[in-house]
S.K.: 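Structure below; questions to follow.
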Amino acid sequence: QVQLVESGGGSVQAGGSLRLSCAGSGSTLSINCMGWFRQAPGKEREGVATIVIGVTGGDSTFYTDSVKGRFIISRDNAKNTVYLQMNSLEPEDTAMYYCAADRVRGSCLLPKNYKYWGQGTQVTVSS
């Protein structure tokens with residue numbers, strides 16, 4: 001079992017920044033993917049950014065097109081924590097943001113490939 005706790009959401013004006021954190025605990029040694037997903041009202045949950053943990057060192061990161069150049073995903077292995085730095089926020093980024101982790105086979109950007117989820121943190125961007 002893996003437990004995930006997100007923090008860092010809030011309200012910000014367009015152009016502003018927020019940093020989300022996701023602290024993992026439990027059986028984290030088998031995890032190879034950690035990611036951030038979001039779900040706006042009436043929309044499906046979508047992958048925002050994921051980090052594939054390198055076995056021999058050197059993680060890989062992936063982003064959905066709409067956040068490339070604006071969001072940065074990173075992790076602190078010692079703290080079992082993954083971060084999402086969100087810059088140049090737009091009203092379209094408004095959503096509930098979720099952290100997920102698992103030993104994923106296939107794409108790490110697909111929500112269906114994850115079993116472990118955090119409770120979510122709300123991000124609201126006003127114009």
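Just so it is clear, the model here is predicted, and its values are computed rather than measured.
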S.K.: Locate the shortest heavy-atom distance separating N32 from R103; write the atom from each residue and the value.
M.R.: OD1-CA, 3.1 Å
S.K.: When you measure from the centre of the six-membered ring of Y98, is the NZ or CZ of R45 closer than 6.0 Å and no more than 45° off the axis?
M.R.: yes
S.K.: Give me the atom names and distance for the closest heavy-atom approach of T121 to S7.
M.R.: OG1-C, 4.5 Å
S.K.: Supply the atom-to-atom distance S107 OG to K112 NZ, rounded to the nearest 0.5 angstrom.
M.R.: 9.0 Å
S.K.: Shortest non-hydrogen contact from R38 to A95?
M.R.: CB-CB, 3.8 Å
S.K.: How long is the span from the CG atom in D102 to the NZ atom in K115, to the nearest 0.5 Å?
M.R.: 5.5 Å
S.K.: Just how far is it from atom CG of L4 to atom OG of S25, taken to the nearest 0.5 Å?
M.R.: 7.5 Å
S.K.: How long is the straight-line distance from CD1 of I73 back to CD of Q85, given to the nearest 0.5 Å?
M.R.: 12.0 Å
S.K.: For residues L20 and V67: do they belong to one hydrophobic cluster (side chain heavy atoms under 4.5 Å, members Ile, Leu, Val, Met, Phe, Trp, Tyr)?
M.R.: yes
S.K.: Under a 4.5 Å side-chain heavy-atom rule over Ile, Leu, Val, Met, Phe, Trp and Tyr, are F71 and W36 clustered together?
M.R.: yes
S.K.: List the atom of L109, the atom of T64, and the distance in Å for their closest heavy-atom pair.
M.R.: CD1-N, 4.5 Å
S.K.: Please name the pair of heavy atoms, one in R70 and one in L89, separated by the smallest distance, quoted to 0.1 Å.
M.R.: NH1-CA, 3.9 Å
S.K.: I'd like to know whether V82 forms a side-chain contact (heavy atoms from CB on, under 4.5 Å) with I51, so could you lay out the CA-CA distance, the side-chain angles of the two residues, the decisive distance to 0.1 Å, and finally the verdict.
M.R.: CA-CA 9 Å; V82 65; I51 192 163; 4.2 Å; yes
S.K.: If you compare all heavy atoms of T94 against all heavy atoms of A40, which two are closest, and at what distance to 0.1 Å?
M.R.: O-CB, 3.8 Å
S.K.: What distance do I53 atom CD1 and M34 atom CE have between them, rounded to the nearest 0.5 Å?
M.R.: 6.5 Å
S.K.: Hydrophobic clustering (ILVMFWY, side-chain heavy atoms < 4.5 Å, transitive) - are M86 and V12 grouped together?
M.R.: yes
S.K.: Kindly write out the residues that satisfy ring-ring contact (aromatic ring centres under 6.0 Å, His included) with F37, not counting sequence neighbours, or none if the list is empty.
M.R.: Y114, W117
S.K.: To the nearest 0.5 angstrom, please state how far the CD atom of E6 sits from the CE atom of M96.
M.R.: 9.0 Å
S.K.: Decide side-chain contact (heavy atoms from CB on, under 4.5 Å) for Q1 and Y116; before the verdict, give the C-alpha distance in whole Å, the side-chain angles of both, and the deciding distance to 0.1 Å.
M.R.: CA-CA 8 Å; Q1 290 291 327; Y116 303 109; 3.8 Å; yes
S.K.: Go through L84 and I72 one step at a time and tell me if the side-chain contact (heavy atoms from CB on, under 4.5 Å) criterion holds.
M.R.: CA-CA 6 Å; L84 185 67; I72 300 171; over 6 Å; no
S.K.: Sort and list the pairs that fulfil side-chain hydrogen bond (donor to acceptor under 3.5 Å, both in side chains) and have at least one residue in residues 8-20, not counting sequence neighbours.
M.R.: S17-N87
S.K.: Using the rule that Ile, Leu, Val, Met, Phe, Trp and Tyr join whenever any side-chain heavy atoms are under 4.5 Å apart, tell me whether V123 and Y63 fall into a single cluster.
M.R.: yes
S.K.: Is there a path of hydrophobic side-chain contacts, each under 4.5 Å between heavy atoms of I, L, V, M, F, W or Y residues, that connects V125 with V48?
M.R.: yes
